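Here the structure comes first, spelled out in structure tokens, and everything after it is commentary.
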Amino acid sequence: MKQTILFFLVLLLVNQTAFAQQKIWDETPDQKEQRLKWWTDARFGMFIHWGLYAQAARHEWVKKRERISDEDYQKYFELFNPDLFDPADWAKKAKAAGMKYAVITTKHHEGFNMFDSQYTDYTIMNTPYGKDIIKEWVDAFRAEGLGIGFYYSLIDWHHPEYTIDRVHPQSAKTQAEYDELNKDRDMSIYREYLKNQVREILTNYGKVDILWLDYSFPGEFGKDHTDWGAIDLIKMVRQLQPEIIVNDRLDLKDYWGGWDFTTPEQFKVNKWPKENGVRIPWETCQTFSGSWGYYRDEHTWKDNKQLLVLLIESVSKGGNLLLNVGPTARGAFDYRADKALARMGEWMKYNDRAIYNCTQAPDDFQKPDNTLLTYNPETKRLYIHLLDYPLQNFLLQGYGDKVEYAQFLHDASEIKIGKPYGHWIKQETGENDINLLLPVNKPNVEIPVIELFLK
Ligand code: GLC
């Protein structure tokens with residue numbers, strides 16, 4: 001009896017959540033899956049954080065961290081002149097690394113526009129550089145066949161009507177202080193500005209594949225979807241670019257159409273994220289080191305293997321990786337980023353089949369120790385990524401009736417499938433297990449991949 005009541009209570013709750021999901025966008029779950037397909041197939045993208053803060057070279061939050069005033073920040077605006085900026089070179093590097101799309105900061109929290117805008121003078125056009133960086137960037141990345149995305153900061157530390165909040169460089173402590181600071185500021189004027197600017201970036205550069213809005217922080221002295229006029233904003237976005245893919249930082253999680261994918265930041269998820277019990281599209285955004293913007297003296301760079309594991313593990317849980325580069329104020333990639341991208345590219349050149357169009361493996365494939373599994377549902381191939389190269393006998397438990405052929409992915413060399421042979425292994429082996437006979441020497445690949453052709 002108790003169980004039945006519980007069951008109906010749960011049912012009621014589920015129903016209510018379904019009801020609470022208000023519709024902003026008329027699209028079925030299937031249609032959404034189709035719209036996102038190129039992106040979920042792509043799996044690997046480049047994030048680019050670039051703005052005036054590159055000159056400070058000590059984090060894109062430098063204005064807030066050091067509580068720099070507009071006057072003192074002005075020098076970066078007056079000096080910005082990236083003479084080495086060569087977007088074609090950036091695009092080539094992204095492509096060579098195996099990335100399929102890229103997302104660039106059109107405006108970060110500092111409020112500076114990397115694009116030409118009719119709604120403010122605080123743009124790239126009025127710096128010594130004087131050309132629309134976003135236009136040049138879009139042309140170059142499109143030419144390489146990469147998907148293009150715009151990051152746009154909802155937060156703005158320069159706009160005079162944007163109300164001071166807890167993440168602002170002039171943040172305060174008490175309500176009275178905030179009241180005083182904000183007495184001449186009118187958030188509704190900023191709201192209009194935000195909408196106008198988003199319209200500009202979605203109108204002036206042709207088809208935009210991704211919109212990456214950043215971010216909401218509800219609660220005390222924070223901002224939520226009402227501050228941004230988010231519902232109105234997203235409706236305009238969908239109308240201007242019906243195929244665009246939008247992240248989930250507008251604080252519209254309860255609205256169908258209010259977001260397309262979730263964005264675990266600098267965080268490796270344990271398992272495929274869900275919403276109301278349903279697996280949702282996701283992309284983790286990550287830095288090579290601790291900062292998004294160029295940071296000269298930051299030295300905690302991840303190594304090649306860590307970066308590859310990050311990519312593979314994301315795919316193995318059904319997600320994407322958006323890996324960040326913070327170019328210098330001269331417009332070049334940091335030498336450490338160049339090196340990291342090149343090395344990932346080396347691996348991708350021979351192993352990208354285990355990344356593109358791949359996802360989490362079906363549950364009936366048991367993951368051997370020290371491996372990650374990815375799976376291509378269309379070709380029915382399973383990929384075993386060997387994070388720690390094993391000794392010859394590589395036992396696959398429960399795979400016996402499922403595997404037709406096995407090879408290394410990087411060189412298409414056959415891996416013999418043996419029946420468990422010999423006294424010791426027999427003791428540990430079940431009816432439906434198979435044993436792959438691996439060479440003793442680890443192939444010359446950072447993370448070797450076994451490709452299994454399934455029956
Ligand atoms: C954050 C930070 C920011 C960065 C972003 C990337 O929320 O404010 O500096 O652009 O995450 O995900």
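Just so it is clear, the model here is predicted, and its values are computed rather than measured. As a basis for the values below, the full set of heavy atoms in this structure was taken, side chains included, without hydrogen atoms, waters or symmetry mates. Atoms within a ligand are numbered from 1 in the order they appear, just like the ligands themselves.
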Salt bridge (Lys or Arg N to Asp or Glu O under 4.0 Å) with Glu243: which of Arg35, Lys37, Lys207?
Lys207
Mind checking what residues have non-hydrogen atoms under 4.0 angstrom from ligand 1?
Phe47, His49, Glu60, Trp61, His108, His109, Tyr151, Trp212, Asp214, Tyr215, Arg249, Glu265, Cys285, Trp292
Sub-3.5 Å donor-acceptor pair from the side chain of Gln306 to the main-chain atoms of Asp303, do we have one?
yes
Does a salt bridge link Glu66 with Lys63, judged by any charged N lying under 4.0 Å from a carboxylate O?
no
Has the side chain of Lys64 got a donor or acceptor atom that lies under 3.5 Å from a matching backbone atom of His168?
yes
Any salt bridge between Asp89 and Lys93, counting N to O under 4.0 Å?
yes
Over 12 foreign heavy atoms within 6.0 Å of OH, Tyr350
no
